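Quick notes on the structure that follows.
Within every chain, numbering begins at 1; the chains are lettered A, B, ... in the order of the sequence lines, protein sequences first and strands thereafter. No experiment lies behind these values; they were computed from the predicted model shown.
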2 protein chains.
Amino acid sequence: MSERTKRKPGETRDKLMNAALTLVGKGRHFTSLGIREVTRQAGVVPTSFYRHFRNMDDIGLQLVDELGLVLRRMMREARANVLQADKLMEESVGIFISHAQANRSFFLFMAQGLAGESRAIQEGIRSEMRYFASELANDLRRLKLVDHLSDGDLEMTCDLVVRSVAFSLTDLLGVSAEDEYQVEQIRKRTTRFLQLIFVGAANWNNKRS
Amino acid sequence: MSERTKRKPGETRDKLMNAALTLVGKGRHFTSLGIREVTRQAGVVPTSFYRHFRNMDDIGLQLVDELGLVLRRMMREARANVLQADKLMEESVGIFISHAQANRSFFLFMAQGLAGESRAIQEGIRSEMRYFASELANDLRRLKLVDHLSDGDLEMTCDLVVRSVAFSLTDLLGVSAEDEYQVEQIRKRTTRFLQLIFVGAANWNNKRS
DNA sequence: ACACAATGTGCACAAGTGTACACATATCAG
DNA sequence: CTGATATGTGTACACTTGTGCACATTGTGT
């Protein structure tokens with residue numbers, strides 16, 4: 001009946017995760033964050049941390065899960081907006097860039113985690129990327145754009161696409177979102193990368209065997 | 001005239017840089033290393049650090065320079081060994097993998113630095129990669145393998161190649177060098193990535209306009 | 001309404017950290 | 001050889017860190 005409860009369940013938990021993300025967004029590296037630092041940023045007493053997480057690795061893993069949600073949202077939007085095949089890559093790259101900017105901290109966290117020091121987090125992020133690549137392969141097959149490729153080759157192509165885009169991420173996160181010129185450069189280059197890859201995929205079978 | 005001096009110039013400096021590298025090799029992330037930790041590993045008193053470096057970023061930058069040397073050595077070996085064009089990619093990937101394993105710590109440091117928290121180190125590594133890509137472009141042009149590509153397109157292709165290989169690095173560094181099966185998988189996949197890219201490059205002009 | 005579990009707080013402490021300062025020793029130029 | 005300079009060492013201090021413990025507050029199922 002209490003109209004407004006002073007303490008919602010999981011409130012501090014969210015505050016802590018947001019705090020960690022905020023610090024990452026400010027340029028700190030996740031691996032170098034400490035428990036006290038995070039709780040301070042969250043405006044919470046240090047010991048509260050242990051009510052929700054065992055250690056920093058733990059909070060990292062939970063951030064990976066949330067990262068998964070962000071990626072799914074992005075995929076959903078891409079599927080909804082990319083209708084005609086000819087603009088496929090420009091559109092996709094555009095959607096990717098706008099999501100990366102809207103969730104800057106999340107993507108920073110992702111880029112860091114790929115070479116982070118926690119094997120578990122690393123594996124988590126890698127797994128998200130694999131999932132993303134396989135969904136991409138499904139979509140492409142459904143659109144009948146790549147009938148000439150074997151399943152294995154299609155998977156490889158999508159893997160390379162996802163990697164290339166992920167690498168562009170580090171370019172993108174290195175420039176401020178306001179620097180429109182630089183962002184535009186990155187957009188163009190990433191798009192061309194993808195086009196190059198798909199030209200390769202289109203002519204793949206001719207070469208092999 | 002002293003046959004053996006007890007203290008060689010720059011000896012501690014090297015010990016410190018090796019110590020930092022060793023710690024990175026052991027799985028620690030460079031950004032999370034502290035001055036005391038490094039000096040301890042080097043078997044040196046903490047204050048000695050300041051005789052050679054201003055702070056951790058400084059030592060990181062000097063490591064980037066040494067990384068440059070490692071990369072040059074690798075390029076030289078590649079140029080010497082890759083003679084016939086048909087085996088070009090297998091050979092190159094092989095050389096890359098063996099160098100990456102021989103200098104594991106250096107390449108770990110490189111992979112970490114790409115998303116590290118020091119803008120300067122990040123920029124340094126990025127610059128090494130650009131240099132590498134442009135040298136690759138020179139070599140390819142010299143071998144007359146890519147006459148149909150404009151300078152810009154060739155540069156882009158090489159950029160994508162370098163990025164893909166760099167990303168494979170994170171795969172490679174994630175498995176132990178003794179796990180031959182996994183290493184072989186990575187070798188195959190990376191080679192196929194490069195082949196795909198070059199098939200794309202070979203058919204690039206047909207597509208564009 | 002009540003007891004219990006979940007969550008938040010304050011305090012404490014040992015350990016580790018960056019770095020300043022004064023001093024010792026080695027190397028080198030003249 | 002002699003001083004100057006570069007390099008290494010020991011001590012010290014103010015802070016920060018992770019985390020254990022006892023206690024306060026809140027939310028929930030019955």
Side-chain angles (χ1 to χ4, degrees), chain A residues 1-24 26-63 65-66 112 116-118 120-121, chain B residues 1-24 26-63 65-66 112 116-118 120-121:
Chain A
M1 184 66 70
S2 57
E3 193 83 11
R4 103 164 73 141
T5 59
K6 263 195 287 188
R7 212 191 290 163
K8 274 170 277 179
E11 191 188 10
T12 304
R13 206 190 94 106
D14 290 355
K15 276 202 285 193
L16 287 171
M17 294 181 70
N18 285 332
L21 230 36
T22 303
L23 288 171
V24 168
K26 280 185 186 168
R28 306 281 283 90
H29 193 113
F30 181 78
T31 341
S32 76
L33 294 182
I35 289 177
R36 279 187 121 103
E37 198 177 0
V38 173
T39 55
R40 198 182 314 131
Q41 168 77 30
V44 161
V45 93
T47 39
S48 261
F49 184 90
Y50 298 100
R51 301 291 184 192
H52 306 276
F53 311 101
R54 321 247 296 305
N55 47 43
M56 285 304 286
D57 266 27
D58 194 12
I59 195 177
L61 283 176
Q62 312 221 24
L63 282 173
D65 290 345
E66 272 207 41
Q112 293 179 355
E117 79 181 9
S118 155
I121 292 178
Chain B
M1 185 63 70
S2 58
E3 192 84 12
R4 101 166 74 145
T5 58
K6 262 196 288 188
R7 213 191 287 166
K8 275 168 276 178
E11 191 188 12
T12 305
R13 205 189 94 107
D14 290 355
K15 276 203 284 192
L16 287 171
M17 294 181 69
N18 284 332
L21 229 37
T22 303
L23 288 170
V24 168
K26 280 185 186 168
R28 307 280 283 95
H29 193 112
F30 181 78
T31 344
S32 76
L33 294 181
I35 289 178
R36 281 188 118 105
E37 199 177 0
V38 173
T39 54
R40 197 181 317 128
Q41 168 76 30
V44 159
V45 95
T47 39
S48 261
F49 184 90
Y50 297 101
R51 301 292 184 192
H52 307 276
F53 312 102
R54 319 246 298 306
N55 48 42
M56 284 304 286
D57 266 27
D58 194 11
I59 196 177
L61 283 176
Q62 313 220 24
L63 282 173
D65 290 345
E66 271 206 40
Q112 292 179 355
E117 78 182 13
S118 156
I121 293 178

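- Applying the side-chain hydrogen bond (donor to acceptor under 3.5 Å, both in side chains) test between A:Glu117 and each of B:Gln112, B:Arg28, B:His29 identifies B:Arg28 as the sole match.
- Atom pair B:Ile59:CD1 and C:dG18:P shows a separation of 12 Å (rounding to whole Å applied).
- In terms of polar N and O atoms assigned as donor or acceptor, the side chain of A:Arg36 comes within less than 3.5 Å of the base of D:dT19 in a complementary pairing.
- Counting only heavy atoms from C-beta on, B:Pro46 has its side chain closest to C:dT19 among C:dT19, C:dC23, C:dT7.
- Straight-line distance from the CG atom of A:Asp14 to the P atom of C:dT7: 12 Å, rounded to whole Å.
- Listed candidates were D:dT9, C:dT7, D:dT19. Nearest to the side chain of B:Val45 is D:dT9.
- At whole-Å resolution of the value, CZ in A:Phe53 and C1' in C:dT7 are 13 Å apart.
- The phosphate of D:dT7 has neither OP1 nor OP2 within less than 4.0 Å of any side-chain N or O from B:Ser48.
- With hydrogens and angles ignored, no donor-acceptor pair closer than 3.5 Å exists between the side chain of A:Thr47 and the base of C:dG8.
- For the pair A:Ile121/A:Leu63, no side-chain contact is recorded, criterion being any heavy-atom separation below 4.5 Å from C-beta on.
- Rounding to whole angstrom units, CD of residue A:Glu37 and P of D:dT16 are separated by 12 Å.
- Rounding to whole angstrom units, CZ of residue A:Arg13 and P of C:dG8 are separated by 11 Å.
- Heavy atoms of B:Tyr50 sit under 4.0 angstrom from at least one base atom.
- If you find the closest nucleotide of DNA chain D to A:Arg54 and to B:Val44, the one lying nearer the 5' end belongs to B:Val44.
- Counting heavy atoms from C-beta outward, A:Arg36 and A:Phe49 have side chains that stay 4.5 Å or more apart.
- Rounded to whole angstrom, the span from the CZ atom of A:Arg51 across to the P atom of C:dG10 amounts to 13 Å.
- The nearest whole Å value for the distance from the CG atom in B:Asp57 to the P atom in C:dG18 is 13 Å.
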Requested in this report: Show your reasoning for whether side-chain contact (heavy atoms from CB on, under 4.5 Å) applies to B:Phe53 and B:Ile35.
Outcome: CA-CA 10 Å; B:Phe53 312 102; B:Ile35 289 178; over 6 Å; no

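- Per the geometry, CZ belonging to A:Phe49 stands 17 Å off C1' belonging to C:dT9, to the nearest Å.
- Here B:Arg40 lies in heavy-atom contact (under 4.0 Å) with sugar-phosphate atoms only.
- A:His52 has a side-chain polar atom (N or O) that falls below the 4.0 Å cut-off from OP1 or OP2 of C:dG8.
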**Report entry** Derivation of the side-chain contact (heavy atoms from CB on, under 4.5 Å) call for A:Gln62 and A:His52
**Finding:** CA-CA 11 Å; A:Gln62 312 221 24; A:His52 306 276; over 6 Å; no

